[in-house]
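Notes to accompany the following structure.
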Amino acid sequence: MRLSTTFVSLAALLSASYVGAQQTPNNLVAASTKGALSALKYTNVGGPGQYNEVTNIIPGNFPTCDANPFCITQPKQISGNLAPFDDEMTVVFRGPMTISNIAVYQPTNATSATWKQVSSWEAGKQPSNLVFMNNMGGTNNSGEWSICAGASQSYANGDWTSAVPTPNAEIAEGTLSGTDEINIMTAAECSDSNPCSGFSRGTANHGWAGSKFFVFTFDMPASSDASQVPAIWALNAQIVRAAQYGCNCRGVGPGGCGELDILETIQGTNVDQAISEIYSPKGATGTGTSFFARPLSGKVTYGVIFDVQTDSIAIQHYTEWDYTQTAITRSLIEGYLNAPAMTISFEAAANGRRAEMPRSVLGAHRRRRWH
């Protein structure tokens, strides 16, 4: 379904102007590269390094839960463009938020000449190769829970407040409350014949590996509760398969197996502004005092491109998107990647320094805590 009668069609995109082999997109909002941003690009993202991959969780026995070590890890070496963001990734949403559409595109082969729509969802309809999950394992026969290790992933119910035994058993209408989170994975389950990297337990699915392009249409309405601060962020899928808020490969602070805060509002700051930060074995950096405007009234569309070929990640605000298009060209991807944006070189920022923004436990997604 088109979100408006004026939405960009594939034919319109293909008729856009070219600069050499590069196609110029016609659906970018007016460029702003500092202050209130329209686009952000991280360059020199990947490279050699290591993170601690979880291989097991030993919860111990109640009431002491005193297993030591509790979180069993081993060093995992990484290298190459985009590493570790070329690993399988998931995207997490925290409310209050209303989500209308999601699409994911990936290259069809090594040449990357065409990026095919591999996953999609429209509010009120069944998704295609996309599963909504949350961290409520042990609820309604979905996933697992123990008093010492906590909850695994679970399949989210239709209003994203609880769990169901099977994926997408209820139709999602797209409203996410300010007290809930959901994340998306592919429909492929981790199994002996189709194993997932790292440790997983309970309900576990694959994410999207290699180059990938996420598109979302959503809003982030205001809340009377100052503790309800919406956010969208991408994680290495190993994190949620182990324990998003417990033993995982993300670790504490700069480093870990990969996290990109796409748009995050932070409690105790101006919650009408959403920042971006990135964490990997290189360290951490982000938008600093620049920000994306929080969409308080009326839906917006954002795209996030993880591109192995150029070793870059682009976050962009679009005027519109045609979710019916099943493929886009590499030349259009190049057009998005080379469009005006605030540009941050992760190579230059590889000093472990965070963006100059105060943080709270909730603003850090209540993440990276374990005993």
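All values derive from a computational prediction rather than experimental measurement.
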- prompt: Quick check: are there more than 12 heavy atoms from other residues, nucleotides or ligands sitting under 6.0 Å from CG of Asn61?
  reply: no
- request: Answer with yes or no whether the hydrophobic clustering places Trp145 together with Val240; edges join I, L, V, M, F, W, Y residues whose side-chain heavy atoms lie under 4.5 Å apart.
  value: no
field: Ion pair Asp86/Lys212, N-O distance below 4.0 Å
entry: no
field: Joint hydrophobic cluster, Met342 plus Val304, side-chain heavy atoms closer than 4.5 Å
entry: yes
Minimum-distance pair of heavy atoms, taken over all atoms of Phe346 and Ala284: CE1-N, 4.0 Å
field: Distance (rounded to the nearest 0.5 Å) between Phe292 CZ and Leu40 CG
entry: 5.0 Å
message: Consider side chain to side chain donor-acceptor pair (under 3.5 Å). Of Asn205, Asn134, Asn183, which one does Gln153 pass it with?
response: Asn183
statement: Of all heavy-atom pairs linking Ala31 and Ser38, the shortest is CA-OG, 3.3 Å
field: Common cluster, Tyr302/Val104, ILVMFWY with side-chain heavy-atom separation under 4.5 Å
entry: yes
- request: Ignoring hydrogens and angles, tell me if any N or O in the side chain of Thr98 forms a donor-acceptor pair with the backbone of Thr175 under 3.5 Å.
  value: no
- prompt: Hey, do the aromatic rings of Phe132 and Trp121 have their centres closer than 6.0 Å?
  reply: yes
- prompt: Regarding Tyr279 and Thr285, is there a side-chain donor-to-acceptor distance under 3.5 Å anywhere?
  reply: no
field: Contact summary for Ala151 and Met136, nearest pair of heavy atoms
entry: CB-C, 4.2 Å
query: Is the gap between the ring centers of Tyr318 and Tyr336 under 6.0 Å?
result: yes
field: Glu53 side, atom CD; Asp87 side, atom CG - distance, nearest 0.5 Å
entry: 8.5 Å
Under 3.5 Å donor-acceptor, Thr203 side chain and Gly143 backbone: yes
message: With a 6.0 Å cut-off (strictly less than), is the heavy-atom count around CG of Asn270, excluding the residue itself, greater than 12?
response: yes
- prompt: Can we say Arg241 and Glu88 salt-bridge, meaning some charged N sits less than 4.0 Å from an Asp/Glu carboxylate O?
  reply: yes
query: So if you build clusters from Ile, Leu, Val, Met, Phe, Trp, Tyr with side-chain heavy-atom gaps below 4.5 Å, do Val308 and Ile313 land together?
result: yes
- prompt: Hey, do the aromatic rings of Phe214 and Trp115 have their centres closer than 6.0 Å?
  reply: no
statement: Of all heavy-atom pairs linking Gly46 and Asp311, the shortest is N-OD1, 2.8 Å
message: Looking at Asn338 and Glu334, would you say the former's side chain and the latter's main chain have a donor-acceptor pair under 3.5 Å?
response: yes
